[in-house]
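Position 1 is the first residue of the sequence, and the numbers go up from there.
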Amino acid sequence: MTARRARAYRGSPCVVLPWAVADGARNMAVDEAMLELAAGGSTLLRFYGWEPWCLSLGRHQTAPDRLLGRSPHELRPGVDAVRRPTGGRSVFHGPEITYAFACPARAWGGPRAVLQTVHRALAEGLRSVGVPLDTVQGNDEKTRFAEASRISGASCFRDPAPGELTARGRKLVGSAQCRRRGSVLQHGSILLEDRQRLGDLEGRDIGPDEGAAAGISGKGPAIGLNELLDPVPDTRLIVERLMDSVVGAFGSPAAAATDVSAETAPPEALIRLAARYEPVHRSDAWLWNR
């Protein structure tokens with residue numbers, strides 16, 4: 001990449017999409033659309049939620065034989081299931097704030113630099129609302145990517161990787177990346193509550209009601225904001241602080257207001273691309289045939 005082209009990327013605004021809540025297929029379709037737009041030079045950011053709650057599998061993760069052929073609602077009663085375009089291990093998307101950031105792969109120093117910059121920005125945003133994060137113990141991204149390649153049925157939140165955000169020694173933010181046609185997508189979960197045992201494919205099936213009754217939150221290697229802040233700030237405030245931090249970290253003005261209550265609409269190109277990807281993410285072939 002020439003220096004002139006890199007400067008052009010850095011001068012481009014970051015397109016900030018409005019907060020949205022959707023099911024698993026729709027959320028992954030929008031993230032894939034962001035990845036494709038980034039290949040054309042765009043930088044995009046969004047924060048979102050999940051309805052219904054959803055179990056996501058990593059791009060190359062193999063589901064246990066006992067789950068193959070079952071519908072998502074059979075997998076976890078009342079819970080959706082989807083396969084992410086990114087790698088890594090399973091994640092249970094329940095009470096959380098999810099982020100997605102897409103940009104040209106070499107615009108900000110490469111995927112590993114993007115990973116580090118996004119993590120630093122998320123840390124800044126979380127600390128601004130009072131989250132007592134641990135000091136990052138090392139940021140060996142080569143180690144992180146090597147560990148991510150060892151896929152098992154365990155939950156992504158079982159093992160913090162170097163450079164990831166933790167509090168009280170437990171994992172608060174889990175992230176994953178994919179690269180395609182000169183662009184990079186990074187998305188991840190910021191836990192409001194820890195329900196990650198529900199995403200552990202090596203364990204038994206647990207529905208959300210049973211999990212809550214069993215007191216899953218706060219009992220594992222993950223941690224939610226509900227254990228760190230009392231009270232937990234309004235989700236919209238947290239999202240606004242995170243948006244400001246990420247946009248500021250990448251040194252470009254936001255193309256849309258970062259106020260999540262603002263009436264901003266996604267670009268038409270993104271809507272069209274997401275509609276094209278969504279049927280793939282709703283198919284059993286994509287979910288199970290890996």
Side-chain angles (χ1 to χ4, degrees), residues 16-24 27 45-56 76 78-80 90-101 118-136 155-158 160 164-176 186-200 206-249 257-262:
V16 179
L17 304 178
W19 168 267
V21 176
D23 66 11
N27 276 332
L45 170 69
R46 80 181 186 111
F47 291 85
Y48 58 94
W50 303 74
E51 180 58 44
W53 290 358
C54 185
L55 173 71
S56 75
R76 295 282 191 268
V79 173
D80 198 4
S90 57
V91 177
F92 185 80
H93 304 284
E96 70 174 58
I97 295 169
T98 311
Y99 77 89
F101 179 81
V118 170
H119 279 172
R120 285 195 297 267
L122 294 177
E124 178 184 338
L126 289 169
R127 288 192 175 105
S128 75
V129 296
V131 179
L133 294 172
D134 298 334
T135 300
V136 174
S155 167
C156 166
F157 278 82
R158 182 181 291 187
E164 290 192 313
L165 303 185
T166 63
R168 300 179 185 172
R170 294 157 62 192
K171 188 169 177 176
L172 175 64
V173 181
S175 302
Q186 180 172 323
H187 58 190
S189 300
I190 303 162
L191 301 184
L192 298 177
E193 299 178 21
D194 170 24
R195 300 293 181 88
Q196 290 310 304
R197 264 186 53 197
L198 301 176
D200 193 338
I206 305 175
D209 294 337
E210 181 185 351
I216 286 176
S217 184
K219 300 300 182 182
I223 193 168
L225 293 183
N226 66 320
E227 296 183 64
L228 300 168
L229 301 175
D230 185 17
V232 176
D234 183 80
T235 298
R236 290 179 178 272
L237 172 63
I238 299 172
V239 169
E240 287 173 0
R241 296 289 182 86
L242 293 170
M243 281 183 175
D244 288 343
S245 295
V246 175
V247 170
T258 58
D259 179 354
V260 295
S261 64

Could you walk me through whether R168 and E227 pass the salt bridge (charged side-chain N to carboxylate O under 4.0 Å, His left out) check? CA-CA 10 Å; R168 300 179 185 172; E227 296 183 64; 5.1 Å; no
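With sequence neighbours excluded, the residues that form a side chain to side chain donor-acceptor pair (under 3.5 Å) with T98 are W50, E96. In this structure, H187 has no ring pair (Phe, Tyr, Trp, His ring centres under 6.0 Å) partners at least two apart in sequence or on a different chain.
Contact annotation: the side chain of F157 approaches that of L191 to within less than 4.5 Å [non-hydrogen atoms, C-beta and beyond]. Looking at heavy atoms from C-beta onward, P221 lies out of side-chain contact with K171 at the 4.5 angstrom threshold. The shortest distance between side-chain heavy atoms of D23 and P52 falls below 4.5 Å. Residues V247 and V16 meet the side-chain proximity criterion, which asks for heavy atoms closer than 4.5 Å. A heavy-atom distance below 4.5 Å is not found between the side chains of E164 and V173. Residues F92 and D194 have side chains not in contact (no heavy-atom distance under 4.5 Å, counting atoms from C-beta outward). Between V21 and Y48, every side-chain heavy-atom pair lies at or beyond the 4.5 Å cut-off. You'll find the side chain of I238 reaches within 4.5 Å of the side chain of L225, heavy atoms only.
Looking only at atom types and distance, the side chain of S175 has a donor-acceptor partner in the side chain of Y99 under 3.5 Å away.
Taking each heavy atom of T166 and G169 in turn, the nearest pair found is CB-C, 4.4 Å. The shortest non-hydrogen separation linking A121 to A249 is CB-CB, 3.7 Å. Between L192 and T235 the shortest heavy-atom distance is CD1-OG1, 4.2 Å. Of all heavy-atom pairs between P95 and R195, the closest is CD-CG, 4.0 Å. Taking every heavy atom of both residues into account, V91 and S189 meet most closely at CG1-OG, 3.7 Å.
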Can you give the donor-acceptor pairs under 3.5 Å from side chains of residues 122-133 to other protein atoms, not counting sequence neighbours?
| from | atom 1 | to | atom 2 | distance (Å) |
| --- | --- | --- | --- | --- |
| S128 | OG | G125 | O | 2.6 |
| S128 | OG | R241 | NH1 | 3.3 |

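Residue S90 holds its OG atom at 8.0 Å from CD of Q196, rounded to the nearest 0.5 Å. Here L228 contributes atom CG and R170 contributes atom CZ; the two are 8.0 Å apart, rounded to the nearest 0.5 Å.
Side-chain N or O atoms of N27 include one that pairs as donor or acceptor with a backbone N or O of A22 at under 3.5 Å.
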